[in-house]
Structure formats: C-alpha cells, structure tokens
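For clarity, every value in this text was computed on a predicted model and none was experimentally measured. Reminder, nothing fancy here: chain letters follow the sequence lines and each chain counts from 1.
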Amino acid sequence: MVISETVLYSAGADIKNYRPTEFIFNEGEASHYYYQIITGDVKLNNYDPEGKEFIQNILSDGESFGESILFIDQAYPMNAEAMTECSIIRLCKSAFFELMAKFPRMYLEMCQSLSQRLYYKFIMMQNISFQNSAARLTGLMEYLKGSHEDRKPYSFMVPLTRQQMASLTGLCVETTIRTIKTMEKQQIVKIKDRKIYY
DNA sequence: TCATTAAAGTTAT
DNA sequence: ATAACTTTAATGA
C-alpha cells in the first residue's frame, strides 16, 4: 500500500525518525497509527521467552505496516523494529479511516495490500510446516524471487543475511548455513562473495 | 534431521 | 575496536 506523501500530510500525518534497533511499536500495545516507510528497513518480529527472534516480515521503502490491526480492536501481536536508519510517516487511526471513506479507490488498494500480506503469510506458514530445512529455505527464496523479473536460475541475489533467513524460517543459523552449502553442491544456489544467488 | 554449544574467522561500523 | 555475521565441529534429542 503506497499512499502519496502529500495526501498523508494533508490528512494530518507526521514524520518520525528511528535509529537501528529502535522499536516503532511493541507487541501487546494498542494500534493507533497507519505507518508508511519513506526510507529504511523495518522488521515485524517476535521474541520467544529465550530471546530467540522470529521475523514475521521485512519491509522497505514505500511499504506500509501496522494497518492490518487497525481494523480491529486488538493489541499488536508483534513488534515493529527499525533495522536501519528510518524515516517513517504515520497517520492516526481516525484520519486514516476518513481517508479510506473519502477515496474508495484507496480503500480498494488497501484491500489488495492486505490480501498480498495474507498471501505471504499463507505461503510462509506452509513453508515452515514443511519439516525440512532445504524446503523451507527454497520456499522463502522462491517467494522473494517472485517479486523479481528474471526467472532464470542464479539471477536473484537473496537480499538477506543467513541470520535473517534463519529467523524468517524458524531454523537456527548453523542449520541454515549448512543447508545452503549442500544446496550449493546440488547446484540449487550459487554463492559468490558470501551472497546467495537463486 | 536439526538444535545447541563452543570456538574461531570475517566483515561492517 | 567492537559488534554482528559466518563458519566448522562436537554432541545430543
């Protein structure tokens, strides 16, 4: 979902800047804002009691977040944490709904955006229940490559660290590394300068 | 098959 | 320099 910045400003939005590792909102809090990233990367995550992170999603420039909970009266089920220096525009709940009411076209786009998120969640849930590390990782890479033009093998550089891939698939880093290595031997991926090409 | 632990090398800040 | 990331190896569920 991308709403033009001018529209957001005239609706009363403001900008907030965040430093890496800073939380934009926390699990358990009530949701009050629609957030849209101007620049930077944000991850939606959870930490289990032992402190191990599970990343729900990673978002970048132009993408929005937090809106899925805006429609219901529920606390956030995850944290939003800045991964880089971030400039984020936010619009409060009431103004957001006024905007949606005023521009049906925008409302439709919002539905499409939510649908897209749901699709991602569904795919990833299936991936993770496929009880085997190689399948989980290919599933993740296949999804990421989906938003990429070139379908050829090795044409897509996975824009994630092994650590992040592990946190997205619920695997541990070491398993991720080993699995990627055997996948390289099987010619499923190529590795160049530590970057993974799929 | 995978997580965990530990130890060490590498890269980024 | 120091933290973050990557890698290898041993061990156990």
**Request:** State which residues pass salt bridge (charged side-chain N to carboxylate O under 4.0 Å, His left out) with A:Arg162; sequence neighbours excluded, sorted by chain then number.
**Result:** none

**Message:** Given 3.5 Å as the limit, does a donor-acceptor pair link the side chain of A:Asn26 with the main chain of A:Glu29, or not?
**Reply:** no

**Message:** Strictly distance-based, threshold 3.5 Å: is any side-chain N or O of A:Lys145 a donor or acceptor partner for the main-chain N or O of A:Lys152?
**Reply:** yes

**Item:** Residues within residues 181-198 of chain A bordering DNA chain C, heavy-atom distance below 4.0 Å
**Value:** A:Lys181, A:Arg194

**Message:** Reading DNA chain C in the 5' to 3' direction, which nucleotide is the first one with an atom under 4.0 Å from a heavy atom of chain A, and which is the last?
**Reply:** C:dC5 to C:dA10

**Message:** Is a donor from one side chain sitting under 3.5 angstrom from an acceptor on the other, for A:Asn45 and A:Glu53?
**Reply:** yes

**Prompt:** With no hydrogens and no angle check, do the side chains of A:Asn17 and A:Ser87 hold a donor and an acceptor under 3.5 Å apart?
**Reply:** yes

**Request:** Dump the intermediate steps for side chain to side chain donor-acceptor pair (under 3.5 Å) on A:Asn46 and A:Gln56, then the final yes or no.
**Result:** CA-CA 8 Å; A:Asn46 295 102; A:Gln56 301 287 350; 2.7 Å; yes

**Prompt:** What string of B, S and - do you get for nucleotides 1-8 of chain B 5' to 3' if you count protein non-hydrogen atoms under 4.0 Å?
**Reply:** -SSBBB--

**Contact list for DNA chain B against residues 154-166 of chain A - heavy-atom distance below 4.0 Å** = none

**Prompt:** If you measure only the distance, is there a donor-acceptor pair under 3.5 Å linking the side chains of A:Glu81 and A:Tyr47?
**Reply:** yes

**Request:** For the pair A:Ser10 (side chain) and A:Thr6 (backbone), establish whether a donor and an acceptor sit closer than 3.5 Å, ignoring hydrogens and angles.
**Result:** yes

**Message:** Against A:Ile188, only a single residue in A:Leu137, A:Thr138, A:Thr179 fulfils side chain to side chain contact (heavy atoms under 4.5 Å, CB included); can you say which?
**Reply:** A:Thr138

**Prompt:** Should the pair A:Phe71 and A:Phe96 be assigned to parallel (<30°), tilted (30 to 60°) or perpendicular (>60°) ring geometry?
**Reply:** perpendicular

**Item:** Side-chain (A:Ser115) to main-chain (A:Cys111) donor-acceptor, under 3.5 angstrom
**Value:** no

**Item:** Non-neighbouring partners of A:Arg105 that pass side-chain contact (heavy atoms from CB on, under 4.5 Å), sequence neighbours left out
**Value:** A:Glu109

